[in-house]
Amino acid sequence: MQCFSFIKTLMILFNLLIFLCGAALLAVGIWVSIDGASFLKIFGPLSSSAMQFVNVGYFLIAAGAVVFALGFLGCYGAQTESKCALMTFFFILLLIFIAEVAAAVVALVYTTMAEHFLTLLVVPAIKKDYGSQKDFTQVWNTTMTELKCCGFTNYTDFEDSPYVRENDAFPPFCCNNITNTVNETCTKEKADHQKVEGCFQQLLYDIRTNAVTVGGVAAGIGGLELAAMIVSMYLYCNLQ
């Protein structure tokens, strides 16, 4: 009985932390969606990540909502000893765990397929919004500065974009190497000659370079999820 009470308390505290993290993610997601410019001013140097290839605000809102609900279910289920809430918590966590494993397999085995899928989403957005949407343009400028890359695949992503139509030139990042400065006009000929690598490939390179760290973080998250599932099943099976 003492063991049951101890594990129940741990479950409550653990899920209270998850609940608060979910609330924080929701708050940040809403902040980014409403006032993305101020967010980028504060976190610009940290923004060179995969999340720049999607709408950060909506992503954080969706992730925050899931984490918020998950923390509430786990905390409520343990506190009230509700079998229904604990079972729901277990199945949601199981689905998340399976989705993460599937995403990892796809990322490792089907990188080319993932790149093609993301290209279909990201490149049209660049052609449509780069140079006309301030926040979108600033996010990509920060990404290209930090990763020293050009576009998602290469300079051709910017063809027919508002920036190219207005300036009759490509972003300077697409011509920025040891023989050029960012102050020079980046023409199509220069960009084609210098062939600055796209941000997706550069991001993959950085991830592979830090594979041990990335793998350790992923393993840690997976371990916590498995532990939470085991604890929820223990409480479920020991309830009257």
Side-chain angles (χ1 to χ4, degrees), residues 1-36 38-39 42-43 45-108 114 203 206-208 210-240:
M1 187 63 184
Q2 288 181 344
C3 181
F4 178 85
S5 299
F6 175 72
I7 292 177
K8 176 181 172 180
T9 303
L10 283 181
M11 181 78 169
I12 293 172
L13 292 176
F14 177 74
N15 283 282
L16 180 60
L17 179 62
I18 293 178
F19 179 82
L20 294 175
C21 289
L25 282 175
L26 272 173
V28 173
I30 294 171
W31 172 27
V32 173
S33 299
I34 295 175
D35 190 14
S38 65
F39 178 84
I42 297 174
F43 295 101
L46 303 177
S47 58
S48 296
S49 63
M51 289 201 333
Q52 288 189 326
F53 295 131
V54 297
N55 189 307
V56 179
Y58 293 138
F59 177 85
L60 289 176
I61 290 173
V66 172
V67 174
F68 185 86
L70 195 63
F72 173 79
L73 273 173
C75 199
Y76 173 81
Q79 177 64 35
T80 62
E81 299 184 359
S82 168
K83 283 192 170 185
C84 180
L86 287 172
M87 184 57 69
T88 304
F89 172 84
F90 174 83
F91 277 116
I92 292 177
L93 204 54
L94 179 62
L95 288 175
I96 293 173
F97 182 79
I98 292 172
E100 288 172 348
V101 172
V105 171
V106 169
L108 291 172
L203 182 65
D206 288 351
I207 290 174
R208 286 164 182 160
N210 299 282
V212 175
T213 302
V214 174
V217 172
I221 293 173
L224 285 174
E225 290 171 343
L226 284 172
M229 285 189 284
I230 292 171
V231 169
S232 64
M233 279 295 94
Y234 173 84
L235 293 176
Y236 178 86
C237 295
N238 284 275
L239 289 175
Q240 299 298 327

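Along the sequence shown, residues carry numbers from 1. No experiment lies behind these values; they were computed from the predicted model shown.
If you take CD1 on I7 and CD1 on I12, they are separated by 12.5 Å, rounding to the nearest 0.5 Å. L226 contributes atom CG, which lies 9.5 Å from atom CG of L94 (distance to the nearest 0.5 angstrom). Taken to the nearest 0.5 Å, the CE atom of M233 stands 7.0 Å off from the CG atom of L86. Between atom SG of residue C21 and atom CG of residue L16 there is a gap of 9.5 Å, rounded to the nearest 0.5 Å.
Nearest heavy-atom pair, M11 versus S232, reported as atom, atom and distance to 0.1 Å: CE-CB, 3.7 Å. Closest of all the heavy-atom pairs between Y236 and M87 is CZ-CE, 3.5 Å. The heavy-atom pair separating E225 from L93 by the smallest distance is O-CD2, 3.5 Å. Heavy-atom minimum distance, G77 versus A85: CA-CB, 3.6 Å.
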Any chance you could lay out the side-chain contact (heavy atoms from CB on, under 4.5 Å) test for F89 and N15, step after step, and finish with the verdict?
CA-CA 10 Å; F89 172 84; N15 283 282; 3.0 Å; yes
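Considering I18, L73, L26 in turn, L26 is the only one that fulfils the side-chain contact (heavy atoms from CB on, under 4.5 Å) rule with F68.
In this structure the side chain of I96 reaches within 4.5 angstrom of the side chain of V66, judged on heavy atoms. In this structure, L235 and E81 have side chains that are not in contact, with every pair of non-hydrogen atoms separated by 4.5 Å or more.
When the shell of 6.0 Å around OH of Y234 is examined, it contains more than 12 heavy atoms from other residues, nucleotides or ligands.
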